[in-house]
> 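Quick one: structure below, then a few questions.
Bear in mind that the values here come from a model prediction, so they are computed numbers and not experimental data. All values below were derived from every heavy atom in this structure, side-chain atoms included, with hydrogens, water molecules and symmetry-related copies excluded.
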Amino acid sequence: MFGIGVPELVLILIIGLIVFGPGKLPEMGRTLGKGIREFRKASNALSQAINAPENPPQPPAAAPKPQAVEQNATPAAAAPQSTAKPQPETAKAPEAKAPEAPAYEAPTQESVRQQIAETKAKQESAGKENKAV
């Protein structure tokens, strides 16, 4: 292992014991072990990510627009609709959900300027009210 034999390893441990002391050496060993373990986990995760087959991104499927059905239709008005083929309700495609807005949007320069202008306007109007009283 890197040309380090038992005598060299014992010498390194003795020097470490002298430099760091008997109280600090076990703590340093634990910390070193945790660091090596985390490094192995990260390297294994990286190698798995590199070796994993890539799935090509699939374009979102366009859902057909459902036809509007009138709820308040009279029976006479419903008669012409009965000549068309009725579509079974089980064959309807599930409606696509609208993408949700992100939880946080970073402020832009324009939005910050607007906020500053609004704050100044509020302060000025509050100052005018205080002067009038």
> Under 4.5 Å between side-chain heavy atoms, counting indirect links through other Ile/Leu/Val/Met/Phe/Trp/Tyr residues: same cluster for Ile15 and Met28 or not?
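Yes.
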
> Only pairs under 3.5 Å count here: list side-chain donor-acceptor contacts from residues 35-44, not counting sequence neighbours, and write none if there are none.
from  : atom 1 : to    : atom 2 : distance (Å)
Ser43 : OG     : Phe39 : O      : 3.2
Ser43 : OG     : Arg40 : O      : 2.9
Asn44 : ND2    : Arg40 : O      : 3.3

> If you compare all heavy atoms of Pro22 against all heavy atoms of Pro26, which two are closest, and at what distance to 0.1 Å?
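Where Pro22 meets Pro26 most closely, the heavy atoms are O-CD, 3.2 Å.
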
> Rest of the hydrophobic cluster containing Ile12 (Ile/Leu/Val/Met/Phe/Trp/Tyr, side-chain heavy atoms under 4.5 Å)?
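Reading the cluster by chain and number, Ile12 sits alone, since nothing else belongs.
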
> Which heavy atom of Leu17 sits nearest to which heavy atom of Leu25, and what is that distance?
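The answer is CD1-CD2, 3.8 Å.
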
> In terms of hydrophobic clustering (I, L, V, M, F, W, Y; side-chain heavy atoms under 4.5 Å; direct or indirect links), are Phe20 and Leu11 co-clustered?
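Yes, same cluster.
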
> Answer yes or no: is there a donor N or O on one side and an acceptor on the other, between the side chain of Gln48 and the main chain of Ala45, under 3.5 Å?
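Such a contact is absent between Gln48 side chain and Ala45 backbone.
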
> Looking at residues at least two apart in the chain, or sitting in another chain, which of them share a side-chain contact (heavy atoms from CB on, under 4.5 Å) with Val10?
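Residues passing side-chain contact (heavy atoms from CB on, under 4.5 Å) with Val10: Val6, Ile14.
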
> Show every donor-acceptor pair shorter than 3.5 Å between a side-chain atom in residues 110-117 and any protein atom, with sequence neighbours excluded, or say none if there are none.
from   : atom 1 : to     : atom 2 : distance (Å)
Ser111 : OG     : Thr108 : N      : 3.0
Ser111 : OG     : Thr108 : O      : 2.9
Ser111 : OG     : Thr108 : OG1    : 3.3

